[in-house]
Every structure is written in structure tokens, then in C-alpha cells.
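Note on naming: letters A, B, ... go to the chains in the order of the sequence lines (proteins, then strands), and numbering restarts at 1 for each one.
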There are 2 protein chains.
Amino acid sequence: MPRASQRPRLVDVAEHAAVSLATASRALAGREGVSTEVADRIRQVARELGYVANPYARTLASGATSTVGLIVHQVDDPYFSEIAAGVIQLASEQGLLVQICQSGRDPDYELQQLRHLIAQRVGIVLISGSGYDDPRMESAARAELAAFQDHGGRAAAIGRHALGVDAVLPDNEAGGHALAQHLMDLGHRRIAVAAGSAGLTTVADRLAGVSSALRERGRSPADLAVVHSDFTRGGGRAAAEQILNDHPETTAIIALNDAMAMGVLSTLRSRRVPVPTRMSVVGFDDVSVAADLAPSLTTIRLPMTEMGRTALTLALKPRTARPRRRPTGHLLVVRDSTGPAPRT
Amino acid sequence: MPRASQRPRLVDVAEHAAVSLATASRALAGREGVSTEVADRIRQVARELGYVANPYARTLASGATSTVGLIVHQVDDPYFSEIAAGVIQLASEQGLLVQICQSGRDPDYELQQLRHLIAQRVGIVLISGSGYDDPRMESAARAELAAFQDHGGRAAAIGRHALGVDAVLPDNEAGGHALAQHLMDLGHRRIAVAAGSAGLTTVADRLAGVSSALRERGRSPADLAVVHSDFTRGGGRAAAEQILNDHPETTAIIALNDAMAMGVLSTLRSRRVPVPTRMSVVGFDDVSVAADLAPSLTTIRLPMTEMGRTALTLALKPRTARPRRRPTGHLLVVRDSTGPAPRT
DNA sequence: AGCGCTTACGTAAGCGCTTACGTACCCTAG
DNA sequence: CTAGGGTACGTAAGCGCTTACGTAAGCGCT
């Protein structure tokens with residue numbers, strides 16, 4: 001078979017520089033044992049020839065990959081695309097490539113994608129999105145990741161815990177707490193929650209924060225109407241419909257992410273419910289459009305892009321005995337979608 | 001050196017099936033020259049062992065990569081994230097992996113990313129986003145892609161022409177035309193355009209459509225105020241400010257993409273300019289949030305996700321003598337951001 | 001002077017696959 | 001019964017790199 005590519009190879013560089021393959025390799029890798037003089041010559045030749053190492057050969061020989069696999073639920077969901085942007089930014093700065101996969105919010109498919117990425121020999125796996133309450137699924141993923149890391153891979157989770165790997169985690173509970181407090185401060189007593197799928201840990205955590213805030217003020221959790229749907233705009237619309245129908249006394253809706261909040265706002269608009277005068281709405285995440293909605297959305301800001309970068313940073317460091325947790329800051333951003341509770 | 005990975009190799013499969021390496025390879029690749037009986041046995045063994053081919057070794061040996069490189073301006077821009085979603089979907093169905101790069105709307109950096117992807121030996125390059133009017137840049141990219149394709153690579157462009165590769169292209173001119181016509185039908189006479197960077201072909205094309213529509217109705221292009229900024233929300237805000245200040249007679253703003261339209265709406269809201277009663281606004285692309293804005297946005301719908309899929313489909317087909325062009329449909333979607341021109 | 005140590009480089013053995021080519025076998029035709 | 005040709009499989013040569021190990025030269029030391 002003829003050579004597949006016409007690109008210059010390491011031997012070409014070595015020949016031009018009149019050294020051996022090994023020396024050329026060492027020089028370009030910046031490793032010890034090459035005099036600065038020779039190393040400079042080799043680098044010079046490589047530049048002139050436009051030499052770029054073949055990553056396939058390199059990986060095959062060394063066993064060390066330089067590509068990172070990123071699993072998100074959906075890239076066209078702003079929450080995930082902002083995370084992806086952060087990961088890609090940092091990866092690009094580090095000369096790494098990012099292979100991206102969509103799980104479509106399906107735990108089975110996600111596990112399959114994870115296996116696929118590992119089989120493809122990526123060096124780093126980043127997995128984002130909420131975890132699932134399904135213990136079978138989580139332990140399968142955990143086992144897969146553990147085996148992966150035992151063979152020298154590195155993994156980190158974004159916004160997700162309990163996988164036995166390093167994680168960058170927002171304080172979902174505190175965020176939920178802050179939202180509920182904000183609404184209670186405004187005098188709201190009948191609060192409804194538009195929640196994502198019941199099986200998600202993120203949902204459970206954010207909800208727990210909301211409940212605890214109510215409890216602290218002596219409210220009964222029974223005062224809280226929780227409607228489960230899914231973490232999409234469509235899910236938000238559905239949840240809002242149900243809230244309006246089943247809990248007409250509601251004066252404030254906590255959507256557990258911004259996508260749902262957008263759906264909620266959309267339904268309220270079409271049902272001619274004025275926001276915030278008749279109904280306050282809050283979201284969670286602060287995706288970049290949140291500020292441009294009408295009314296602009298009160299929400300909890302998470303630094304998604306930074307979370308992506310941090311996760312990759314964690315994964316680039318050597319593994320520690322116990323998985324690390326990097327908390328992320330969060331911030332209540334008050335905008336125009338919340339206001340005082342209407343007089344009854 | 002010890003073996004890098006503990007994963008089963010092809011030799012393991014071959015041994016367990018009591019055949020040679022070559023036969024095992026042939027059987028798993030589904031190539032000729034293996035009796036069905038033996039092939040079945042090999043596949044069976046492979047399954048039992050959980051064998052997955054090492055893509056690095058495979059690529060090194062065969063020279064044929066199975067990863068596609070995708071260049072976008074920014075993944076957290078909904079236009080691009082929807083395209084990316086389409087590409088990733090189809091790639092995943094085909095067992096391909098997607099390596100994604102952000103050019104950050106910088107032609108130099110984009111060229112660099114392109115070179116990097118090619119150096120990384122991806123098999124397919126998809127490049128999206130507008131082209132640049134800079135002939136030096138475009139011809140450098142074109143040359144790079146031509147060389148890449150001559151060495152067996154495949155490339156396709158999304159929403160971008162003149163690169164000498166297959167392209168899936170919306171009819172930007174017709175879209176611009178339709179928007180202008182829609183506004184004129186509503187009685188608008190003083191129309192302003194919030195355009196992206198002047199150097200982009202997409203901007204030129206969409207603008208040309210707008211101008212031609214005006215000309216057909218006997219309007220002078222001088223009636224059209226064109227403000228250049230960039231294709232982001234911030235750019236839309238800036239453009240809107242300038243339009244309000246310098247062209248107060250304007251009753252309708254054509255934003256040349258939805259991101260800018262969102263910025264325009266945001267500025268109008270803060271300046272208390274009612275939409276559409278005092279000012280109509282249209283966008284271009286129909287990103288998924290466009291329908292959820294307040295007011296919902298009149299815009300031209302482009303099938304971004306499908307465009308991503310189509311581009312990959314094109315790239316998976318053998319190259320033709322002349323680059324193919326796949327037009328995409330477009331559709332004027334009338335929503336609440338446009339209305340009759342106010343009486344003067 | 002001779003010893004060992006370090007330094008700088010070369011040699012060559014893989015990494016796990018694909019594939020050109022060689023070989024054994026069986027079938028059919030002459 | 002043998003030549004010719006097809007089929008099924010094995011052998012081995014790479015793909016372009018990394019790296020363990022070998023070697024030769026230079027150094028200081030006793």
C-alpha cells in the first residue's frame with residue numbers, strides 16, 4: 001500500500017536534520033537528552049517542513065490520547081452549549097480536540113455513548129447534565145468510569161454528582177432556597193414549581209432547597225404545588241398549563257431551569273396572565289437569553305462556561321484518591337419577571 | 001513498554017476464534033473472502049469479548065479516518081448549536097465522531113483551526129458560518145480544502161459558498177427579499193437594516209435581497225438605512241441605538257439574523273419603543289427561541305438542524321467533478337413583532 | 001592510567017490494525 | 001487424470017510514531 005498521506009513524517013524531519021528518529025521525537029516532545037543546539041535545528045526543520053505529528057500514530061505508540069469526549073444532553077440547549085463552549089475554549093488553548101456526543105436525555109443512550117467514547121480511546125471524558133435517580137443506570141455508568149480511570153483515563157462530571165469522579169457542582173439546593181426566599185420576601189404564599197423529570201437528581205436538589213426555605217418560614221410543604229414535566233421549553237409550557245388549571249391560587253412559579261421558565265412565560269403570555277403583576281416567574285441557570293426575554297427573567301446565575309473550563313481543568317490534573325468536588329458560585333439575579341404578590 | 005490498554009485486541013479475537021489476524025479483520029470489516037460460517041464465529045467471539053476496534057490503529061493502518069471536524073463560529077450561538085446538533089445526530093447514526101472547533105468569528109483563527117483539523121487527520125471537514133469578503137483569506141481556505149480533498153478528504157460548507165467544496169446554502173437573497181416585501185406590504189417606507197459585519201458574504205447576500213425588493217417597488221436604495229455591527233445580540237443592541245439616534249423616522253428594522261433581532265428588541269424595550277405598534281422588527285434564521293420572545297419574532301426560517309445533516313450527507317458521498325450546491329428551503333414566519341406602519 | 005558515571009544520541013521493538021500477496025484446497029473442464 | 005481457476009485462509013509488511021535499551025564519547029576522580 002502506498003503512503004496514505006503526503007504530509008511530512010517524523011523521518012522526513014529526522015533526515016533533513018541529519019539525526020535519528022528517536023532524537024527527532026525527543027526534541028519535538030521537548031524531552032531530555034537532546035542538546036539545545038540539535039533540538040533547535042530539529043525544531044527549525046520541522047517548522048520549515050510544516051510537520052505536524054500524526055495523532056493516530058502518536059496515540060497508538062504512546063497510549064496517551066489527547067482528545068476529550070464530552071457528553072451533553074443536547075447541544076442546542078443553551079445550558080449545554082454554554083458548557084460546551086467553555087470546554088472547547090480551554091481544550092483549544094491546550095491543543096486538545098473535543099469529541100462531542102448527545103445523549104438526548106436518555107440514560108440508556110447516554111451509557112451507550114459513554115461506552116462508545118471510551119472504546120474510541122479518548123483520554124478524558126466529561127459528562128454533563130443531571131444524574132438519574134435510577135440506581136442501576138448510575139452504578140453502570142460509575143463502573144464504566146471507574147474502569148476507565150483505572151486504565152489511565154480521566155473523567156469529570158459537570159453539574160452532576162455520585163459518579164465517583166471529580167465533579168464541578170453548583171449548589172442546587174442553595175439556589176432553590178434563594179429563589180423561594182426571594183419570592184416569599186415579595187409576599188408570595190402560593191408558590192408552584194415547574195420541575196423537570198422526577199428522576200433527576202438536579203430536580204430533587206433544587207426542589208429540596210425550595211422546600212427547606214418554606215419550612216424555615218414555617219410554611220407547610222403542602223403549600224407548594226409541584227408539577228413534574230421535563231427540562232425543556234415544551235415541558236415548561238405543559239407545566240404552566242397544569243399549574244394554571246389545577247392550582248389557580250398560585251401567584252409565583254419557580255421553574256427549575258431557564259428553558260422551562262421560557263415555556264412558562266410563553267404560556268402565561270398566551271393565556272394573558274400578566275407577569276409579574278399577576279404572576280411572578282423565576283428560572284434557574286441564567287442562560288444568556290434570560291436577560292433578553294420580555295420580561296427579563298429573575299433566575300439563579302450559574303457560570304456555565306466557566307464550569308466547562310473547570311471540569312476540563314480538573315480532568316487534566318492527576319487523579320486524587322478521593323474524587324474532588326469543585327463548587328461553583330451561584331447568584332440570584334433579580335430582573336423583571338418577579339414582583340410583589342398581588343393583593344387577594 | 002507494557003500494553004497501554006487492557007481492552008481486547010484483534011489478535012485476542014483471532015486466537016479465540018482459532019483464525020488468523022487477517023481473517024478476523026476481514027470478517028469484522030464485512031469484507032469478502034470469509035465463509036459465512038467462520039465469519040459468524042468471529043463476530044460471535046468479538047461480541048463475547050466486548051471487542052471494539054482501536055480507531056487509532058485502524059486509521060494508522062488504513063489511512064481512512066472516521067471522524068468529522070466541524071468548525072463553527074461559536075457553539076453557544078443558537079444558530080450554530082442547531083447546526084451542530086444536526087451534524088452530531090447524523091454522525092452518531094453513522095458511527096462517526098464529531099470534533100468541534102470554534103473560530104470565534106475570526107477569519108485568521110478559523111483558518112488556523114481548519115489547518116489544525118486537517119493536520120489531525122480528520123476524514124471530513126464541515127465548515128459553517130458566513131464566508132469573508134477578504135479574498136486572501138478565502139483563497140487560503142479554499143487552497144487548504146482543495147489540497148485536503150485531493151488527498152482523499154471530504155469537505156462541505158454550511159451557509160457559505162465560494163470555498164470550492166460542496167455546500168448547503170440557504171437562499172439568503174430571497175430571504176432578504178421576502179422580509180423587505182413583507183414590511184412594505186405592511187406600509188413601511190422607512191426601513192433600517194441592522195447588519196452584521198460588512199465583510200461577510202451572508203450580510204451582502206441578505207442585504208442584496210432587501211435592496212432588490214425595494215427597487216422592484218420603485219423605492220430608492222437611499223431610503224434604506226444600513227447600520228453595520230456584528231451578528232450577536234450585543235451587535236443588535238448597538239445597531240438599534242444607532243438607528244434610533246441617526247434615523248428617527250424608521251418604522252421597521254430588518255435584523256439580518258435572529259441574534260441581532262434579539263438585541264434590537266432588547267434596546268427597543270429599554271427605550272420604551274413599542275413593538276410592533278411604533279416599530280416593526282424582523283430577524284433571519286428562526287432560531288428556536290424566536291417564537292418565545294415577547295413579542296414573538298417575525299423571521300425567515302432556515303432548517304438549521306437539517307442543514308447540518310445535509311452537509312454531512314453530502315460529505316459522505318463521493319466527490320463530484322464540480323462541487324454540489326444543495327439549496328435549503330426558507331419560509332417567512334410572520335409573528336407578533338411586525339405590524340402595519342404607524343400613521344405619521 | 002584506569003575506573004565509573006553522566007550525557008547525547010542511535011537502534012530497534014513494538015502499539016493494533018489493514019491489506020497485498022502467497023498458499024492450500026476444491027471444483028470443473030478437457 | 002491433470003491443468004486451470006476460483007475460494008478461503010494465512011503470512012507478513014507496513015502505517016508513523018514512542019521509548020527501552022545499547023553505545024560511544026566526555027568528564028572527574030582516585
Visitor: Would you tell me if any nitrogen or oxygen in the side chain of A:Y56 comes within less than 4.0 Å of OP1 or OP2 on D:dT18?
Guide: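 For D:dT18, OP1/OP2 do not have a side-chain N/O of A:Y56 under 4.0 Å.
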Visitor: I want to check one thing: is the phosphate of C:dC9, taken as OP1 and OP2, less than 4.0 Å away from some side-chain N or O of A:S35?
Guide: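 A:S35 to C:dC9 OP1/OP2: side-chain N or O found under 4.0 Å.
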Visitor: Atom CG of B:L60 and atom C1' of C:dG16: how far apart are they, to the nearest Å?
Guide: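 It is 9 Å, rounded to the nearest whole Å.
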Visitor: Reckon B:A29 touches a base, only the sugar-phosphate, or nothing at all at heavy-atom distances under 4.0 Å?
Guide: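 The answer is nothing, as B:A29 stays clear of every strand by at least 4.0 Å.
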Visitor: Thinking salt bridges, do A:R319 and A:D150 make one under a 4.0 Å N-O criterion?
Guide: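 Yes.
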Visitor: Determine the minimum heavy-atom distance between B:R142 and B:G164, stating which atoms define it.
Guide: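 Answer, listing the atom of B:R142 first, then B:G164: NH1-CA, 3.9 Å.
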Visitor: Side chain of B:R26: nearest nucleotide among D:dT19, C:dT19, C:dG16?
Guide: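 The answer is C:dT19, which lies nearest to the side chain.
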Visitor: Below 4.0 angstrom, N of the basic side chain to O of the carboxylate: do B:R7 and B:D12 qualify?
Guide: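 Judged by the 4.0 Å cut-off on N to carboxylate O distance, B:R7 and B:D12 do not form a salt bridge.
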Visitor: Salt bridge check: are A:E15 and A:R9 linked by an N-O gap of less than 4.0 Å?
Guide: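 Looking at A:R9 together with A:E15, the answer is no, because their closest N to O distance does not fall below 4.0 Å.
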Visitor: Distance check needed: C:dA8 C1' versus A:R41 CZ, whole Å only.
Guide: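 It works out to 12 Å between those atoms.
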Visitor: Please give, in whole Å, the distance from D:dT19 P to A:E32 CD?
Guide: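 Nearest whole value for this atom pair: 14 Å.
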Visitor: Minimum heavy-atom separation for B:E110 to B:Y132, with atom names?
Guide: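 In this case the closest contact between B:E110 and B:Y132 is OE1-CE1, 3.3 Å.
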Visitor: In whole Å, what is the span from the CZ atom of B:R9 to the P atom of C:dT18?
Guide: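 Taking CZ of B:R9 and P of C:dT18, I get 14 Å after rounding.
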Visitor: Is there side-chain contact between A:D76 and B:I83, with heavy atoms separated by less than 4.5 Å?
Guide: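 Not in contact.
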Visitor: Spell out protein contact along nucleotides 22-27 of chain D as letters: B when the base is contacted, S when just the sugar-phosphate is, - when no protein heavy atom is under 4.0 Å; keep the 5' to 3' order.
Guide: ------
Visitor: Using a strict 4.0 Å threshold on nitrogen-to-oxygen distance, state whether A:R43 and A:E48 make a salt bridge.
Guide: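 No, no charged N to carboxylate O under 4.0 Å.
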Visitor: Salt bridge or not for A:E93 and A:R309, using N-O below 4.0 Å?
Guide: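 A salt bridge is present here (some side-chain N lies under 4.0 Å from a carboxylate O).
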Visitor: Name the closest nucleotide to the B:A57 side chain, picking from C:dC17, C:dT19, D:dC17.
Guide: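 Given the options C:dC17, C:dT19, D:dC17, the side chain of B:A57 is closest to C:dC17.
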Visitor: Between D:dC17 atom P and A:R31 atom CZ, what is the distance in whole Å?
Guide: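 In whole Å, D:dC17 P and A:R31 CZ are 13 Å from each other.
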Visitor: Can you see if the side chain of A:R58 gets near the phosphate of D:dG16 - specifically, an N or O under 4.0 Å from OP1 or OP2?
Guide: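 No, outside the criterion.
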Visitor: Do A:T202 and A:S130 pair up side chain to side chain, a donor and an acceptor below 3.5 Å, judged on atom types alone?
Guide: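 Yes, because at least one side-chain N or O of A:T202 sits under 3.5 Å from a partner of the opposite role on A:S130.
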Visitor: In which ranges does DNA chain D form stems of 3 or more consecutive Watson-Crick or G-U pairs, distances under 3.5 Å?
Guide: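 Stems for DNA chain D, defined as runs of 3 or more consecutive pairs: C:1-30 with D:1-30.
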Visitor: B:R7 CZ to C:dG16 P: how many Å, rounded?
Guide: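 Checked: the CZ to P distance equals 12 Å.
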Visitor: Within the structure shown, what part of the strands sits under 4.0 Å from B:S25 by heavy-atom distance: base, sugar-phosphate, or nothing?
Guide: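 Base: the residue B:S25, judged by heavy atoms under 4.0 Å, touches a nucleobase.
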Visitor: Charged N to carboxylate O below 4.0 Å: is that the case for B:D166 and B:R325?
Guide: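 Judged by the 4.0 Å cut-off on N to carboxylate O distance, B:D166 and B:R325 do not form a salt bridge.
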Visitor: In whole Å, what is the span from the CG atom of A:L21 to the C1' atom of C:dC9?
Guide: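 After rounding, the reported distance stands at 13 Å.
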Visitor: Rounded to whole Å, please give me the gap between CD in B:Q120 and P in D:dG16.
Guide: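 Computing the B:Q120:CD to D:dG16:P distance gives 16 Å.
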